[in-house]
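This chain uses plain numbering: 1 for the first residue, then up along the sequence.
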Amino acid sequence: MRRALRLRAERRQLMTAEADVLRELKRLRMRVPQLTGALAASTDGLVLAADTAEAEGVAALTAAALGVAVRLTEATGQGGFRELLVRGERGHVATYAAGSSAVLTLLAEPRINVGRLHLEARRSSARIGELVDGALERPENT
């Protein structure tokens, strides 16, 4: 019961950062026009802010992929998770750590410059991480 109450309180705190995180997603999409979608989610799959269709499904799949990626980096001695890039026939899906409690997932066209994607996404994920971690550090009643 305590765990459920704590999780509910954390989710409320995370949602306080939603407007700022959404602004960051929109700025990122303006800087990288080949992005077709962007979302920030908690590491357990809760959508914090989204600028894409199918956000809930993508967030849930991101959480599942994140679990495997974290285990893979740990098992191979590569340290903590930083990012994951999947290239499909019709584009890319990239996920970046965003602080200690969130991830940034981006959908991109196949023609995207992957170096530019990484550069811009790393900047945005750092900013989103600051926003989300800051929201969690603030007392709930402020």
Novice: Any pair with a residue in residues 111-136 that passes ring-ring contact (aromatic ring centres under 6.0 Å, His included), sequence neighbours left out, goes on the list, sorted by first then second residue, please.
Specialist: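 Every ring-ring contact (aromatic ring centres under 6.0 Å, His included) pair that includes a residue of residues 111-136, provided the two are not neighbours, is Tyr96-His118.
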Novice: Side chain to side chain contact (heavy atoms under 4.5 Å, CB included), that's the test. Do Leu107 and Leu35 meet it? Break it down for me.
Specialist: CA-CA 6 Å; Leu107 309 176; Leu35 291 179; over 6 Å; no
Novice: Looking at Glu83 and Arg122, does any basic side-chain N land under 4.0 Å from a carboxylate oxygen?
Specialist: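 Looking at Arg122 together with Glu83, the answer is yes, because their closest N to O distance falls below 4.0 Å.
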Novice: At their closest point, which heavy atom of Ala102 faces which heavy atom of Thr43, and how far apart are they?
Specialist: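 That would be N-CG2, 3.9 Å.
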Novice: Can you name the closest pair of heavy atoms from Ala121 and Leu106 and give their distance?
Specialist: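 The pair with the smallest heavy-atom distance is CB-CD1, 3.5 Å.
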Novice: Could you please spell out the steps behind the side chain to side chain contact (heavy atoms under 4.5 Å, CB included) verdict for Glu130 and Arg127?
Specialist: CA-CA 5 Å; Glu130 291 170 1; Arg127 176 70 180 130; 3.6 Å; yes
Novice: Only pairs under 3.5 Å count here: list side-chain donor-acceptor contacts from residues 50-65, not counting sequence neighbours, and write none if there are none.
Specialist:
{"unit_1": "Thr62", "atom_1": "OG1", "unit_2": "Val58", "atom_2": "O", "d": "2.8"}
{"unit_1": "Thr62", "atom_1": "OG1", "unit_2": "Thr105", "atom_2": "OG1", "d": "3.1"}

Novice: Side chains of residues 67-74: which donor-acceptor pairs under 3.5 Å do they make with residues two or more places apart or in other chains?
Specialist:
{"unit_1": "Thr73", "atom_1": "OG1", "unit_2": "Ala69", "atom_2": "O", "d": "3.2"}
{"unit_1": "Thr73", "atom_1": "OG1", "unit_2": "Val70", "atom_2": "O", "d": "3.0"}
{"unit_1": "Thr73", "atom_1": "OG1", "unit_2": "Gly79", "atom_2": "O", "d": "3.1"}

Novice: First locate atom OG of Ser125, then atom CD of Glu120, and finally report the distance between them rounded to the nearest 0.5 Å.
Specialist: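 The OG atom of Ser125 sits 11.0 Å away from the CD atom of Glu120.
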Novice: For Ser124 and Arg27: C-alpha separation, side-chain torsions, deciding distance, then whether side chain to side chain contact (heavy atoms under 4.5 Å, CB included) applies.
Specialist: CA-CA 9 Å; Ser124 287; Arg27 283 193 297 264; over 6 Å; no
Novice: Over all heavy atoms of both residues, which pair between His92 and Glu109 is shortest? Give the atoms and the distance, please.
Specialist: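 Closest heavy-atom pair between His92 and Glu109: ND1-O, 3.4 Å.
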Novice: For Val132 and Ser101, work out which heavy atoms get closest and say how close.
Specialist: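 Distance-wise, the nearest heavy atoms are CG1-CB, 4.3 Å.
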Novice: Return yes when atom CZ of Arg87 has more than 12 non-hydrogen atoms of other residues, nucleotides or ligands closer than 6.0 Å, and no otherwise.
Specialist: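 No, not enclosed.
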Novice: So, for Ala94 and Leu117, which heavy atoms are closest and what is the spacing to 0.1 Å?
Specialist: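 Scanning both residues completely, I find the closest heavy atoms to be CB-CD2, 4.1 Å.
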Novice: For a quick check under 3.5 Å, do Arg29 and Thr36 share a side-chain donor-acceptor pair by atom type?
Specialist: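 No, because no side-chain N or O of Arg29 sits under 3.5 Å from a partner of the opposite role on Thr36.
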Novice: Rounded to the nearest 0.5 Å, what separation is found between the CG atom of Leu131 and the CG atom of Leu22?
Specialist: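 It comes to 11.5 Å.
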